[in-house]
Number of protein chains: 2
Amino acid sequence: MTETIRGRIRPARRLTLTEDVYETIKGLVMDHTLPPNERVNIDALARELDVSPTPVREALARLESDGLVRKRPLSGYTTTPLLSRAEFDDLFDMRLLLEGDSAARAAANASTANRQRISTEADATVGVEAGDGYRRHAAFTALDAKFHDLIAEVAGSALLREAITRLHSHLHLHRLYFPAAQAADTTVEHQRIAAAITLGDPEAATAAMRDHLTAARLRHLPAFDQMPSGPAA
Amino acid sequence: MTETIRGRIRPARRLTLTEDVYETIKGLVMDHTLPPNERVNIDALARELDVSPTPVREALARLESDGLVRKRPLSGYTTTPLLSRAEFDDLFDMRLLLEGDSAARAAANASTANRQRISTEADATVGVEAGDGYRRHAAFTALDAKFHDLIAEVAGSALLREAITRLHSHLHLHRLYFPAAQAADTTVEHQRIAAAITLGDPEAATAAMRDHLTAARLRHLPAFDQMPSGPAA
DNA sequence: GTGGGATCTTTCCTATAGGATGCTTGCCTG
DNA sequence: CAGGCAAGCATCCTATAGGAAAGATCCCAC
């Protein structure tokens, strides 16, 4: 494991070391370089990142609030286990509620410029230079996240946008799986949402968003059959 | 300020010092012993709580994720400023969305025992032993929070409950104000919600919850006229 | 051979010290 | 008298060291 981490640390050196470490560890958890449901040794991680344990502890405390790691009082930190089927359903139920409202608000409140931004973003696709396999999956996920966040931004509620972003972090706890063949479906669904928002029809926007999320949920379901080992009870 | 903190620290000594410090500081921010929009000196706070700065830093990092304090890169932590009118409206819009759904799910899913628990909780009132003024306000707020959390628990979605709890923390950032004379109204509204849940009518439960929140929002509005000094821009 | 206990090791948790950065105050110059 | 600069100060940020608790392993007794 140590070898995989080495070489991708210290990307930019932000204003504070803690912030830097936070973003780094977050990335490691997101792309499963730190596998789910595995113990996180503070000292080892600090050595690996070439910093003292103190900023690592602080970063881990923030990540716990984000739900990416868990802390057992006298035992240390562990990465959050993979989503169970029940948690997965719970997650998408929340997305239906939150993002359905987000789309409606965007349709009702968006300026002309913002409607244009959403339409443009919906037309974006993953370029061929993304390569294949993991790289392509990561690029596609980022594109999808950007589209949903853009709508949340235009919706105009800071609280709503924050909640949606938080949910998106949890989605990364899902198995890294996506059938590339269905990427085109996602683009079409995004364009339907954008069209409803452009027309300023809140109800249609909500419906389009809910259709999209329902379809996305179905697309993700096969991942549960992919790996026989479910998350620990 | 130091004098007000002294004497209310170290309430129980939990498993870990950090957890203890986190709960303590959270309480200090909640009841405005640490006034909103004020600088938080880490060293001073550590001396006051009689611990080293390290656990204080860790607790502050968690509180930042909760939205109770903010961290400016090279300047230190400050308590979150009071809610502006726009943020207040945003907060209640979110509560309408989340708790409306929470009530509906509770009505649809609750067991007989849980319906009974909700009805009992709705009938609870603040005893006379709570005293007057601030003490009474705190007791009433706790009772209200418990009722809403109970419904969220029964609703059966961990994500939904967590989001509602998070919102409730933000509500404490509002001015400490509540007209005691209208406490009875709140009890009546709670009982209407409980009745709809007991009957197993999701739509009625949502409607009752939304009526309650709309009324509560109106009850809180005068607080904005109470103090002439609005939050800093 | 199995169960219990004690010891040992690993890891987390807390505390203290030093270096660096930003902010404020006072002084000087135009 | 006003604006800018510099020095001092306070505060945050990072690093290292020591103490404590929990888990694992080994040994002994039954």
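Every heavy atom of this structure was used, including side-chain atoms; hydrogens, water molecules and symmetry mates were not. Lettering of chains follows the sequences in order, A, B, ..., and the numbering in each one begins at 1.
Going from atom CG of B/L17 over to atom P of C/dA15 covers 6 Å, rounded to whole Å. We find that CZ of B/R47 is positioned 14 Å from C1' of C/dT16, with the value rounded to whole Å. Computed from coordinates, the B/K71 NZ to D/dC12 P distance equals 11 Å when rounded to whole Å. The interatomic distance linking B/D43 (CG) with D/dC12 (P) rounds to 6 Å, in whole Å. Separating the CD atom of B/E38 from the P atom of D/dT11 is a distance of 13 Å, rounded to the nearest angstrom. The CG atom of B/L49 sits 13 Å away from the P atom of C/dT14 (whole-angstrom rounding). In this structure, CD1 of B/I42 is placed 5 Å from P of D/dC12, rounded to the nearest angstrom. Separating the CG atom of B/L60 from the P atom of D/dC12 is a distance of 9 Å, rounded to the nearest angstrom.
Within the structure, a side-chain polar atom (N or O) of A/T18 is placed less than 4.0 Å from OP1 or OP2 of D/dT14. At D/dC13, none of the side-chain N or O atoms of A/T54 fall inside 4.0 Å of OP1 or OP2 (strictly under the cut-off). The side chain of B/N41 contributes an N or O atom lying less than 4.0 Å from OP1 or OP2 of D/dC12. Between B/S52 and C/dT14, a side-chain N or O to OP1/OP2 separation shorter than 4.0 Å is absent. In this structure, A/R57 reaches the C/dC13 phosphate: one of its side-chain N or O atoms is under 4.0 Å from OP1 or OP2.
Residue contacts for B/V40: at a heavy-atom cut-off of 4.0 Å it reaches the sugar-phosphate backbone alone, with no base atom in range.
Side-chain contact, B/T18 with B/R62: no donor N or O sits under 3.5 Å from an acceptor N or O.
For the pair A/R95 and A/F92, the cation sits on the ring face: its NZ or CZ lies under 6.0 Å from the ring centre, inside 45° of the axis.
Checking B/R72 against B/P53, the closest nucleotide of DNA chain C that is more toward the 5' end is the one next to B/P53. Ranked by how close their nearest DNA chain D nucleotide is to the 5' end, B/R39 and A/R39 are led by B/R39.
In terms of heavy atoms, A/S65 sits closest to A/R166 at O-NH1, 3.1 Å.
In this structure, CG on A/L45 lies 8.5 Å from CD1 on A/I42, to the nearest 0.5 angstrom. For the atom pair NE2 (B/H148) and CG (B/L167), the distance works out to 11.5 Å, reported to the nearest 0.5 Å.
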